[in-house]
Amino acid sequence: MKNVRVVVVGAGVIGVSTAVCIAEALPFCSVTLLADKFSPDTTSDGAAGILFAAKFPDIPVERQKRWFKDTFDHLLAIAQSQHSPEAGVMLSSGWQIFKEVPAERKPFWAESVIGFRFMTEEELKRFPDHKFGHAFTTLKCECSSYLPWLENRFRKAGGQVEQRSINSLQELSNSYDIIVNCSGLGSRTLVGDNQVYPVRGQVLKMEAPWLQHFIRDGDGKTYIYPGMHSVTVGGTRQEEDWRLDVDEGDTDSILKRCSRLEPSLSHGKVLSKWVGLRPSRRNPRVEKELVQLPGRRVHVVHNYGHGGWGVTLAWGTALDALGLVRQCLQEMPPQAKL
(Lines give C-alpha, C1' and ligand atoms only; values in the text may rest on other atoms or scores of the structure.)
Protein backbone atom coordinates (compact mmCIF):
# COMPACT_ATOMS: atom_id res chain seq x y z
CA MET A 1 0.00 0.00 0.00
CA LYS A 2 1.58 3.30 -1.12
CA ASN A 3 0.59 5.73 1.59
CA VAL A 4 2.77 8.83 1.25
CA ARG A 5 2.09 11.03 -1.77
CA VAL A 6 5.15 12.76 -3.25
CA VAL A 7 5.18 15.09 -6.26
CA VAL A 8 8.33 16.11 -8.14
CA VAL A 9 7.81 19.33 -10.10
CA GLY A 10 10.01 19.71 -13.20
CA ALA A 11 11.09 17.13 -15.79
CA GLY A 12 14.54 18.31 -16.79
CA VAL A 13 17.55 16.21 -15.83
CA ILE A 14 17.30 17.33 -12.16
CA GLY A 15 13.60 16.50 -11.81
CA VAL A 16 13.67 13.14 -13.57
CA SER A 17 16.82 12.04 -11.70
CA THR A 18 15.25 13.04 -8.38
CA ALA A 19 11.97 11.27 -9.19
CA VAL A 20 13.83 8.04 -10.07
CA CYS A 21 15.89 8.15 -6.86
CA ILE A 22 12.78 8.59 -4.69
CA ALA A 23 10.61 6.03 -6.52
CA GLU A 24 13.33 3.35 -6.45
CA ALA A 25 14.41 3.92 -2.84
CA LEU A 26 11.00 4.48 -1.21
CA PRO A 27 8.52 1.96 -2.66
CA PHE A 28 5.88 2.92 -0.05
CA CYS A 29 5.70 6.41 -1.58
CA SER A 30 3.42 7.17 -4.50
CA VAL A 31 5.59 9.42 -6.69
CA THR A 32 4.23 11.71 -9.42
CA LEU A 33 6.48 13.55 -11.89
CA LEU A 34 4.63 16.72 -12.88
CA ALA A 35 5.78 19.28 -15.45
CA ASP A 36 4.55 21.47 -18.26
CA LYS A 37 7.40 20.27 -20.50
CA PHE A 38 9.00 16.86 -20.90
CA SER A 39 11.79 15.63 -23.19
CA PRO A 40 12.46 16.66 -25.97
CA ASP A 41 11.23 20.13 -24.90
CA THR A 42 13.32 20.76 -21.75
CA THR A 43 16.42 22.90 -21.32
CA SER A 44 18.35 19.71 -20.53
CA ASP A 45 17.60 18.29 -23.99
CA GLY A 46 19.92 20.77 -25.71
CA ALA A 47 22.73 20.48 -23.17
CA ALA A 48 26.03 19.11 -24.42
CA GLY A 49 26.03 17.11 -21.20
CA ILE A 50 29.78 16.80 -20.68
CA LEU A 51 30.84 16.18 -17.07
CA PHE A 52 32.99 18.76 -15.37
CA ALA A 53 32.10 21.61 -13.10
CA ALA A 54 32.86 25.07 -11.76
CA LYS A 55 33.00 25.67 -8.03
CA PHE A 56 30.03 27.30 -6.29
CA PRO A 57 31.15 29.92 -3.78
CA ASP A 58 29.14 29.07 -0.65
CA ILE A 59 28.74 25.29 -0.67
CA PRO A 60 31.38 23.19 1.13
CA VAL A 61 33.72 21.79 -1.49
CA GLU A 62 33.39 18.29 0.00
CA ARG A 63 29.65 18.38 -0.75
CA GLN A 64 30.33 19.54 -4.33
CA LYS A 65 32.90 16.76 -4.73
CA ARG A 66 30.32 14.23 -3.60
CA TRP A 67 27.69 15.58 -6.01
CA PHE A 68 30.18 15.27 -8.87
CA LYS A 69 31.49 11.82 -7.92
CA ASP A 70 28.03 10.36 -7.30
CA THR A 71 26.89 11.55 -10.73
CA PHE A 72 30.09 10.40 -12.45
CA ASP A 73 29.95 6.92 -10.91
CA HIS A 74 26.24 6.53 -11.76
CA LEU A 75 26.79 7.55 -15.42
CA LEU A 76 30.04 5.56 -15.76
CA ALA A 77 28.15 2.39 -14.79
CA ILE A 78 25.62 3.15 -17.58
CA ALA A 79 28.38 3.96 -20.12
CA GLN A 80 30.00 0.58 -19.39
CA SER A 81 26.72 -1.37 -19.63
CA GLN A 82 24.60 -2.58 -22.54
CA HIS A 83 22.33 0.45 -21.97
CA SER A 84 24.97 2.94 -23.16
CA PRO A 85 23.62 3.72 -26.69
CA GLU A 86 19.97 3.73 -25.63
CA ALA A 87 20.66 5.93 -22.60
CA GLY A 88 22.95 8.26 -24.57
CA VAL A 89 25.90 7.97 -22.15
CA MET A 90 29.48 7.58 -23.41
CA LEU A 91 33.08 8.16 -22.38
CA SER A 92 34.73 11.23 -23.90
CA SER A 93 38.38 12.30 -23.86
CA GLY A 94 39.86 15.69 -24.63
CA TRP A 95 41.30 18.95 -23.41
CA GLN A 96 40.31 21.99 -21.42
CA ILE A 97 42.59 24.90 -22.33
CA PHE A 98 43.28 28.26 -20.70
CA LYS A 99 44.63 31.56 -22.03
CA GLU A 100 46.08 32.26 -18.57
CA VAL A 101 47.04 29.77 -15.86
CA PRO A 102 43.98 29.52 -13.57
CA ALA A 103 44.26 30.31 -9.85
CA GLU A 104 43.36 26.69 -9.13
CA ARG A 105 45.49 24.64 -11.47
CA LYS A 106 43.83 21.40 -10.35
CA PRO A 107 40.01 21.55 -10.13
CA PHE A 108 38.13 19.91 -7.23
CA TRP A 109 36.77 17.19 -9.55
CA ALA A 110 40.18 16.12 -10.92
CA GLU A 111 40.23 12.87 -8.94
CA SER A 112 36.72 11.86 -10.02
CA VAL A 113 37.39 11.86 -13.79
CA ILE A 114 39.69 9.35 -15.48
CA GLY A 115 43.41 9.98 -16.07
CA PHE A 116 43.47 13.70 -15.23
CA ARG A 117 46.82 15.41 -16.01
CA PHE A 118 48.23 18.77 -17.09
CA MET A 119 48.86 19.13 -20.82
CA THR A 120 52.45 19.07 -22.06
CA GLU A 121 54.05 21.99 -23.90
CA GLU A 122 54.03 19.82 -27.02
CA GLU A 123 50.27 19.31 -26.78
CA LEU A 124 49.66 23.02 -26.20
CA LYS A 125 51.51 23.98 -29.41
CA ARG A 126 48.35 23.50 -31.47
CA PHE A 127 46.60 26.15 -29.31
CA PRO A 128 48.97 29.14 -29.61
CA ASP A 129 46.61 31.50 -27.71
CA HIS A 130 46.55 29.20 -24.69
CA LYS A 131 49.21 28.70 -22.03
CA PHE A 132 47.86 25.89 -19.87
CA GLY A 133 45.51 22.93 -20.11
CA HIS A 134 44.00 19.80 -18.61
CA ALA A 135 43.77 16.46 -20.41
CA PHE A 136 41.33 13.84 -19.11
CA THR A 137 38.58 11.37 -19.91
CA THR A 138 35.09 12.20 -18.69
CA LEU A 139 31.52 11.31 -19.63
CA LYS A 140 29.02 12.76 -22.06
CA CYS A 141 25.34 12.33 -21.29
CA GLU A 142 22.96 13.21 -24.12
CA CYS A 143 19.67 14.12 -22.51
CA SER A 144 17.56 13.67 -25.65
CA SER A 145 18.23 9.93 -25.13
CA TYR A 146 18.94 9.88 -21.38
CA LEU A 147 15.72 11.60 -20.22
CA PRO A 148 13.30 9.22 -22.04
CA TRP A 149 15.42 6.29 -20.78
CA LEU A 150 15.25 7.60 -17.19
CA GLU A 151 11.52 8.35 -17.49
CA ASN A 152 11.01 4.73 -18.50
CA ARG A 153 13.01 3.63 -15.44
CA PHE A 154 10.79 5.89 -13.30
CA ARG A 155 7.62 4.29 -14.69
CA LYS A 156 9.05 0.80 -14.05
CA ALA A 157 9.53 1.83 -10.40
CA GLY A 158 5.79 2.60 -10.21
CA GLY A 159 6.02 6.34 -10.87
CA GLN A 160 3.16 8.35 -12.37
CA VAL A 161 3.68 11.09 -14.97
CA GLU A 162 1.42 14.11 -15.39
CA GLN A 163 1.82 16.97 -17.87
CA ARG A 164 0.33 20.29 -16.78
CA SER A 165 1.36 23.77 -15.80
CA ILE A 166 1.28 24.96 -12.18
CA ASN A 167 1.97 28.45 -10.87
CA SER A 168 1.95 27.98 -7.09
CA LEU A 169 2.61 25.34 -4.43
CA GLN A 170 -0.94 25.96 -3.23
CA GLU A 171 -2.28 24.12 -6.29
CA LEU A 172 -0.56 20.96 -5.00
CA SER A 173 -1.01 21.27 -1.24
CA ASN A 174 -4.19 19.18 -0.93
CA SER A 175 -3.06 16.36 -3.22
CA TYR A 176 0.45 15.65 -1.89
CA ASP A 177 2.27 15.18 1.43
CA ILE A 178 5.73 16.19 0.13
CA ILE A 179 6.48 18.57 -2.76
CA VAL A 180 9.92 18.32 -4.41
CA ASN A 181 10.69 21.47 -6.38
CA CYS A 182 12.99 20.83 -9.36
CA SER A 183 11.48 23.57 -11.51
CA GLY A 184 14.71 25.40 -12.43
CA LEU A 185 13.90 28.89 -13.71
CA GLY A 186 10.26 28.14 -12.88
CA SER A 187 11.17 28.64 -9.22
CA ARG A 188 10.96 32.39 -9.82
CA THR A 189 7.19 31.95 -10.13
CA LEU A 190 6.59 28.78 -8.14
CA VAL A 191 8.39 29.82 -4.95
CA GLY A 192 9.14 33.49 -5.67
CA ASP A 193 12.93 33.02 -5.83
CA ASN A 194 14.43 35.97 -7.71
CA GLN A 195 17.96 34.70 -7.05
CA VAL A 196 17.56 32.26 -9.96
CA TYR A 197 18.18 33.92 -13.33
CA PRO A 198 18.69 32.85 -16.96
CA VAL A 199 22.07 32.48 -18.66
CA ARG A 200 21.32 32.12 -22.35
CA GLY A 201 23.18 29.41 -24.23
CA GLN A 202 23.20 28.89 -27.97
CA VAL A 203 24.73 25.78 -29.54
CA LEU A 204 24.95 24.16 -32.96
CA LYS A 205 24.81 20.46 -33.76
CA MET A 206 27.24 19.64 -36.56
CA GLU A 207 28.12 16.70 -38.72
CA ALA A 208 31.89 16.19 -38.38
CA PRO A 209 32.37 12.47 -37.67
CA TRP A 210 36.17 12.65 -37.86
CA LEU A 211 36.27 14.63 -34.59
CA GLN A 212 36.78 12.32 -31.63
CA HIS A 213 38.11 14.56 -28.84
CA PHE A 214 36.44 17.42 -27.00
CA ILE A 215 38.06 20.86 -26.70
CA ARG A 216 36.80 23.40 -24.18
CA ASP A 217 38.14 26.89 -23.57
CA GLY A 218 38.39 27.46 -19.82
CA ASP A 219 36.23 30.59 -20.11
CA GLY A 220 33.28 28.27 -20.85
CA LYS A 221 32.21 30.19 -23.95
CA THR A 222 33.88 28.15 -26.69
CA TYR A 223 33.66 24.37 -26.89
CA ILE A 224 33.52 21.39 -29.24
CA TYR A 225 31.97 18.18 -27.88
CA PRO A 226 31.77 15.14 -30.20
CA GLY A 227 28.77 12.97 -29.35
CA MET A 228 27.12 9.77 -30.52
CA HIS A 229 25.37 11.20 -33.59
CA SER A 230 26.75 14.74 -34.01
CA VAL A 231 29.20 17.29 -32.60
CA THR A 232 27.86 20.00 -30.26
CA VAL A 233 29.67 23.30 -30.75
CA GLY A 234 29.11 26.48 -28.79
CA GLY A 235 28.49 28.66 -27.20
CA THR A 236 27.25 31.72 -25.34
CA ARG A 237 26.88 32.70 -21.67
CA GLN A 238 24.53 35.70 -21.75
CA GLU A 239 23.30 36.57 -18.25
CA GLU A 240 19.72 37.80 -17.71
CA ASP A 241 19.02 37.23 -21.43
CA TRP A 242 15.61 35.62 -21.98
CA ARG A 243 15.76 35.37 -25.81
CA LEU A 244 14.89 31.88 -27.07
CA ASP A 245 15.31 32.69 -30.77
CA VAL A 246 18.48 31.70 -32.60
CA ASP A 247 20.79 34.69 -33.05
CA GLU A 248 22.68 34.40 -36.35
CA GLY A 249 25.35 36.76 -35.02
CA ASP A 250 25.98 34.19 -32.27
CA THR A 251 26.00 31.38 -34.85
CA ASP A 252 28.74 33.15 -36.85
CA SER A 253 30.74 33.89 -33.69
CA ILE A 254 30.51 30.26 -32.51
CA LEU A 255 31.69 28.90 -35.87
CA LYS A 256 34.54 31.39 -36.03
CA ARG A 257 35.76 30.74 -32.46
CA CYS A 258 35.45 26.96 -32.73
CA SER A 259 37.20 26.84 -36.12
CA ARG A 260 40.15 28.64 -34.55
CA LEU A 261 40.53 25.74 -32.10
CA GLU A 262 39.64 23.03 -34.63
CA PRO A 263 40.29 24.24 -38.22
CA SER A 264 38.69 21.15 -39.80
CA LEU A 265 35.28 22.29 -38.50
CA SER A 266 35.10 24.48 -41.60
CA HIS A 267 34.28 21.22 -43.45
CA GLY A 268 31.50 20.32 -40.98
CA LYS A 269 27.83 20.66 -41.81
CA VAL A 270 25.46 22.52 -39.44
CA LEU A 271 22.54 20.16 -38.73
CA SER A 272 20.58 22.30 -36.25
CA LYS A 273 20.72 25.35 -33.99
CA TRP A 274 19.37 25.45 -30.45
CA VAL A 275 18.90 27.97 -27.64
CA GLY A 276 18.29 27.25 -23.95
CA LEU A 277 18.21 29.24 -20.71
CA ARG A 278 20.40 27.82 -17.97
CA PRO A 279 18.70 28.13 -14.54
CA SER A 280 21.57 29.88 -12.79
CA ARG A 281 21.96 30.90 -9.16
CA ARG A 282 24.92 31.90 -7.00
CA ASN A 283 24.57 28.43 -5.43
CA PRO A 284 22.14 25.62 -6.24
CA ARG A 285 19.35 25.36 -3.68
CA VAL A 286 19.27 21.85 -2.22
CA GLU A 287 17.40 22.08 1.08
CA LYS A 288 14.05 21.46 2.74
CA GLU A 289 11.51 23.68 4.45
CA LEU A 290 8.06 23.45 6.01
CA VAL A 291 5.78 25.80 4.09
CA GLN A 292 2.55 27.19 5.54
CA LEU A 293 -0.13 27.03 2.86
CA PRO A 294 -3.82 27.83 3.36
CA GLY A 295 -5.23 25.06 5.54
CA ARG A 296 -2.06 23.04 6.08
CA ARG A 297 1.71 22.96 6.39
CA VAL A 298 3.53 21.07 3.65
CA HIS A 299 7.06 19.68 3.47
CA VAL A 300 8.91 21.12 0.47
CA VAL A 301 12.31 19.87 -0.76
CA HIS A 302 14.12 22.19 -3.19
CA ASN A 303 16.62 21.02 -5.81
CA TYR A 304 17.23 23.70 -8.45
CA GLY A 305 19.59 26.45 -9.64
CA HIS A 306 22.39 24.28 -11.08
CA GLY A 307 23.08 26.66 -14.00
CA GLY A 308 25.10 25.00 -16.74
CA TRP A 309 26.08 22.09 -14.47
CA GLY A 310 22.74 20.27 -14.26
CA VAL A 311 23.83 17.09 -16.04
CA THR A 312 27.12 17.07 -14.12
CA LEU A 313 25.49 17.25 -10.68
CA ALA A 314 22.04 15.73 -11.29
CA TRP A 315 22.42 12.32 -9.69
CA GLY A 316 24.46 13.67 -6.76
CA THR A 317 21.92 16.36 -5.88
CA ALA A 318 19.06 13.87 -6.49
CA LEU A 319 20.58 11.60 -3.83
CA ASP A 320 20.78 14.60 -1.47
CA ALA A 321 17.13 15.43 -2.23
CA LEU A 322 16.20 11.79 -1.48
CA GLY A 323 17.94 12.16 1.90
CA LEU A 324 15.89 15.31 2.57
CA VAL A 325 12.66 13.47 1.64
CA ARG A 326 13.61 10.75 4.15
CA GLN A 327 14.04 13.46 6.81
CA CYS A 328 10.59 14.88 5.96
CA LEU A 329 9.08 11.40 6.39
CA GLN A 330 10.63 11.13 9.86
CA GLU A 331 9.19 14.51 10.82
CA MET A 332 5.66 13.75 9.61
CA PRO A 333 3.07 12.87 12.26
CA PRO A 334 2.15 9.14 12.16
CA GLN A 335 -1.43 9.80 10.97
CA ALA A 336 -0.12 11.63 7.89
CA LYS A 337 1.47 8.38 6.74
CA LEU A 338 -1.76 6.33 7.03
Practice prompt. Over 60° means perpendicular and under 30° means parallel, so classify the ring planes of Trp309 and Phe52, tilted if in between.
Written response: tilted

Response to the item:
Here the salt bridge (Lys or Arg N to Asp or Glu O under 4.0 Å) pairs for residues 218-239, sequence neighbours left out, are none

Item to complete: Can you tell me which residue pairs pass the ring-ring contact (aromatic ring centres under 6.0 Å, His included) test with a partner in residues 261-304, sequence neighbours excluded?
Response: His302-Tyr304

Worksheet item: Would Val6 end up clustered with Val9 when hydrophobic side chains under 4.5 Å apart are linked, directly or stepwise?
Response: no

Worksheet entry | Donor-acceptor pair, side chain of Gln163 and main chain of Asp36, under 3.5 angstrom | yes

Worksheet, complete the sentence: Applying side chain to side chain donor-acceptor pair (under 3.5 Å) to Ser81 and not counting sequence neighbours gives none

Fill in: Contacts of Glu123 that satisfy salt bridge (charged side-chain N to carboxylate O under 4.0 Å, His left out) - sequence neighbours left out
Arg117

Response to the item:
Sorted by chain and residue number, the side chain to side chain donor-acceptor pair (under 3.5 Å) partners of Ser112 (sequence neighbours excluded) come out as none

Worksheet, complete the sentence: Sequence neighbours excluded, the answer for side-chain contact (heavy atoms from CB on, under 4.5 Å) partners of Ser259 is Leu265

Discussion item. Would Lys99 and Asp129 count as a salt bridge (Lys or Arg N to Asp or Glu O under 4.0 Å) here? Give the steps.
Written reply: CA-CA 6 Å; Lys99 293 188 176 77; Asp129 299 336; over 6 Å; no

Response to the item:
salt bridge (charged side-chain N to carboxylate O under 4.0 Å, His left out) filter on Asp241, not counting sequence neighbours, yields Arg243

Fill in: Contacts of type side chain to side chain donor-acceptor pair (under 3.5 Å), residue Glu162, not counting sequence neighbours
Arg164

Fill in: Thr18 and Asn303: side chain donor to acceptor below 3.5 Å
yes

Practice prompt. Please name all residues satisfying salt bridge (charged side-chain N to carboxylate O under 4.0 Å, His left out) with Lys205, sequence neighbours left out, ordered by chain then number.
Written response: none

Discussion item. Is it the case that the ring center of Trp109 lies less than 6.0 angstrom away from the ring center of Phe136?
Written reply: yes

Worksheet item: Are Leu34 and Val8 connected in the hydrophobic side-chain network, where two residues link if heavy atoms are under 4.5 Å apart?
Response: no

Practice prompt. Quick one: pull up OH in Tyr223 and OG1 in Thr232 and give me the separation to the nearest 0.5 Å.
Written response: 8.0 Å

Item to complete: Determine which pairs satisfy salt bridge (Lys or Arg N to Asp or Glu O under 4.0 Å) with at least one residue from residues 258-277, sequence neighbours left out, and list them in order.
Response: Arg126-Glu262, Glu248-Lys273

Fill in: Which residues share a side chain to side chain donor-acceptor pair (under 3.5 Å) with Ser253, sequence neighbours left out
Arg257

Practice prompt. Could you tell me which residues satisfy side-chain contact (heavy atoms from CB on, under 4.5 Å) with Gln170, sequence neighbours excluded, listed by chain and number?
Written response: Ser168, Pro294

Worksheet item: About how many Å separate SG of Cys258 and CG of Leu204, when rounded to the nearest 0.5 Å?
Response: 7.5 Å

